[in-house]
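A quick write-up on the structure given underneath.
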Amino acid sequence: MRRSLSRTARTQKSLMSKIQDMNWALVIVLCAIAAGGFVMLYSVAGGSVDPWAKRQMIRFLPALGLMLVIALIDVRVWLFLAYPIYALALALLIAVEFTGVSGMGAQRWIDLGVMQLQPSEVMKIAVVLALARYYHTSTLIEARLLKNLFMPLLLLAIPSYFVLRQPDLGTTLLIIFGGLAVMFAAGVRMWIFGAGLAAVLAAVPVVWQLLRPYQKSRVLTFLDPERDPLGAGYHIMQSKIALGSGGVFGKGFMQGTQSQLNFLPEKQTDFIFTMLAEEFGLIGALTLLGLYMVVLSYGVLMSFSVRSQFGRLLSLGVTTTLFLYVFINTAMVMGLLPVVGVPLPLMSYGGSAMMTFMVGMGLILSVALHRDIRIPRGGAFA
Amino acid sequence: MALKDDDSRYHMYSRRAAMLAGGKLLLVSGLVGRLYYLQVLQRDQYEVLAEENRISLRILAPERGKILDRYGRELATNRRDFRVTLIPEQSQDVEGTLAALSGIVSLTPRDLRRIRRAIRRQRAFIPVTIADNLSWSAFAKVNLSLPDLPGVQPEVGVTRDYPYKHLGAHILGYVGAPNQDEVGDDPVLELPGFRVGKNGMERVLDRRLRGLAGNSKVEVNAVGRVIREVSRVDSISGEDMHLTLDLDLQQFAAQRLSTESASAVVMDVQNGDVLALASTPSYDPNDFNTGISQKKWDQLIGDIRKPLINKAVSGQYPPGSTFKMIVALAALEAGVVTPTEQIFCNGEYELGDHTFHCWKKHGHGNMDLDQAIAQSCDVYFFEIARRVGIDKISDMARRFGLGEKYDLEIPAEARGLIPGRGWKLATEGKRWQQGDTVNVGIGQGYVLTTPLQLAVMTARIANGGVKVEPVLRRRSQHEVQEGDSPTTVGGWAEQLGAFPEKPQDSTGDDVGVSPRYMRQIMSAMTSVTSDTEGTAYASRLDVAGMGMAGKTGTAQVRRITKQERESGVLKNEDIPWLSRDHALFVGYAPVDKPRYAIAVVVEHGGSGSSAAAPVARDILRHALENDKRRDAQREADEGQKT
């Protein structure tokens, strides 16, 4: 009796118990990161909530709400909706091909009237959902069969093609690596990844020909920033100067000369981490990185106790995507990667990355809340 | 089966997820390592770069020292000048800015070429002058449109100004933009409008006139807008230079020489102060400030009267009869002639197979020393020169300051030439001949002197044989104490105060000639102007109690052939200007209490008595009258006080 009751509790939790079980500590850490973003945006504006900090706060609240709603929805619903969401995201992605609004030199936005939607952002999560669902339904043996590689690769290749056409190299990389992480964790044979890496290296000269001039210039400048210190290399140089001159303790809040005097480019968006590191030093930078790592390691550690393959893969895939988001941005501003135009989610000014991050976190929390539910391979409610 | 399968999936997942997590950890440690590298290990380097970004160093040009006459009147000074400059690195579109500017100030194609060349050559943070000497209204218009002209800076600068134009140009010299060699690595020289001395005292004393540049560190943002001044070191103005020159006298001398190719030097016989050092024709140093036009330059260069040459110190002339005092002193000291001994002049003097001619064709008759100097008898001096010999004449010339350079701190001072046996052997490879000595006896032949040297010689005669040296610039006390090191320590003005009346600057050595002979010579020089037979009687100075003593000289610049002498020597008016005789006069006044010595040389002016003596007389009279007026003024002032 008690046993069956507890089993029922595991599969059919009440809303109240879900709210109780929610990892509120994690939510607070997320809010702390976002608050750090507000503080930096206040500093960017020279000590003013306008034009960035206030609007960022206004955006954060619905994103937070959305995250909680997503978290409370049964993970089986997400399994059920995985393919439809993927299909919708792909449709939107193709739609921007024709009706897209240009921003920052690339076709990325679709106008929904109330807000502008970036289908490529949706796709980052949708790809993980779709692949998690695909591998949820296959056994390990099936997953390791070569012929069963076709479907997942197609799921990856189609959106990648359209995002790369926009052209948005950073997002393409996020989509591909997020998807690959799911495939990797699902058990796809190791040598396939080895072969894939070899194929990519072989394809580099071919892809090089296809890159846009500005993308080529970014890669070349990354390899040698002094190549063009007043042009493309300027961003990397100024960012490194800002970081380095911040030192251990930083120059102090609103005292960053590189950012306050505008030597640092795009500091409210892609280079906001640099600004933080200039004004708060190594200590500030490590603190922020630490907060991100707390959030993201939760996604991984928690997944080991999840009973469904879908939940595990979803949690790991989303975590990886969000990790890469943070990693690519910070590595880029430190001069470890080419400037590919990836913002720092929650910190950078702008709603899309924030929304992706919060939706992703919502899914992870949903997996966590429903970790005890066993889901048959056949389907969500089978 | 299903459970077992799920287990295998879980195990695979756990392994793979752990691997992925490990990979991510590796990436994160990469980030941390990079942050440590940038923010700890490389911090100092990036801090410097950040400072270089933020701080812009503006050089503050020092004001150039003034050059003043003995009464503090400004001969070279600085004038306010409205100009517009452009800092190339702050202008996004240099050509667009230039186009916009040319709507306000007129820019010729030549200006545009100069600007573009400067932009190419200079470092991008150094301002380039677009236009200077702007009117106030044009300057105000530029200021109004400033927001649309990034990098453009309106400036109120200073320009070197010589208010008296041609007057004293040869002493002052002029300034100009530094050339590439001069710029070196001193950034102040790259500032627009900065000038360095190119000639004259401006050049010789350039370092001290220049002063020390200051700087202003300002914080700028990425587009170069100045946010605030961080620190400032004010520039230190260059030293003011106090000359011994008397502007009035200089002006009078220059006017009196008028358009002749001539020079005059007036010296205080006691302390060597040079009160006037005029050379005509002259030039306007203001023309050189911003680069002289080719046409004006060609005119200056092409003029046979050589306006660019400072004839008072660079001109070397045979002294002619003005040299006779030296020959007489040498002969008296050697005892080869007595003042009363008479030598007969029949107009000719034979030496070996050569005949030397007196300027007076049929001779002067019997001449004693006094008469020989007063009437400038050549035969008398041929004879005593032969008697005393070149060695003693050269020695006496040197003791009176001929053949010597004086550091007047103006360029191109010539040494002149006092010949001797060794000199001739060394330069011409020939032995000194007695005929050479005879020629030197009347200041012809090899001997060459500058007007400055002649003034020194006359001063040393007039002051009774004190080896006075010419002084053109009054050194400050500081300079005297510290030696000649260039310095820019403040407080010059206080140390100097009013113009210090300096008693005696020279060594105080004596020429070592017996006062008896000195009196003899002075008396003879007095006869030149007071004796009715004297060559400068017509130019006597008849101010009460203020006579002038002197000596005329007429230096031959061409050879008179035997044929011409037989048919009658051509008059100066009948031959080309360049072949005419130089007219010379040296003198001093007042006769009984000498104060001023003067030397006047009029190139190709004809005879000394007609062309040079009147000029000298007028200049000396002016000097004496000025003194008298000043004394009266001083007495009146003192009378008021008591």
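Convention: sequence-line order gives letters A, B, ...; per-chain numbering from 1.
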Shortest non-hydrogen contact between [X] and [Y], atoms and distance:
X	Y	value
A/Gln238	B/Asn53	OE1-ND2, 2.7 Å
B/Ser8	A/Leu140	O-CD2, 3.8 Å
B/Tyr46	A/Ile241	CD2-CA, 3.5 Å

Most chain B-contacting option - heavy-atom pairs closer than 4.5 Å, from [options]:
options	answer
A/Leu282, A/Leu264, A/Ile141, A/Val300	A/Leu282
A/Glu278, A/Lys251, A/Gln260, A/Gln258	A/Gln258
A/Leu316, A/Val306, A/Leu301, A/Leu296	A/Leu316
A/Gly246, A/Ala186, A/Ser303	A/Ser303

Does the side chain of [Y] come within less than 4.5 Å of [X]'s, by heavy atoms?
X	Y	value
B/Lys24	A/Thr320	yes
A/Leu336	B/Leu31	yes
B/Arg16	A/Met190	yes
A/Arg144	B/Met12	yes
A/Thr319	B/Leu20	no

Any donor-acceptor N/O pair, [X] side chain to [Y] backbone, under 3.5 Å:
X	Y	answer
B/Arg54	A/Phe263	no
B/Gln39	A/Leu243	yes
B/Tyr10	A/Phe304	yes
B/Arg9	A/His136	yes

Which bit of [X] is near chain B, if near means a heavy-atom gap under 4.5 Å: side chain, backbone, both or neither?
X	result
A/Tyr135	backbone
A/Phe249	neither
A/Phe323	side chain
A/Ala277	both
A/Ser259	neither

Handout entry: Which portion of B/Ala50 sits near chain A, non-hydrogen atoms under 4.5 angstrom
Key = both

Fill in the blank from the handout: If one checks every heavy atom of B/Glu219 against chain A at 4.5 Å, the contacting part turns out to be side chain

Taking every non-hydrogen pair under 4.5 Å, which of [options] racks up the most with chain A?
options	answer
B/Ser14, B/Ala21, B/Gly23	B/Ser14
B/Leu49, B/Leu41, B/Val32, B/Leu35	B/Leu35
B/Val28, B/Asp44, B/Val48	B/Val28
B/Leu25, B/Leu27, B/Leu38	B/Leu27

Handout entry: Over 12 non-hydrogen atoms of neighbours within 6.0 angstrom of OH in B/Tyr37
Key = no

Completion exercise
Rounded to the nearest 0.5 angstrom, the CG-OH distance for A/Leu313 and B/Tyr13 is 6.5 Å

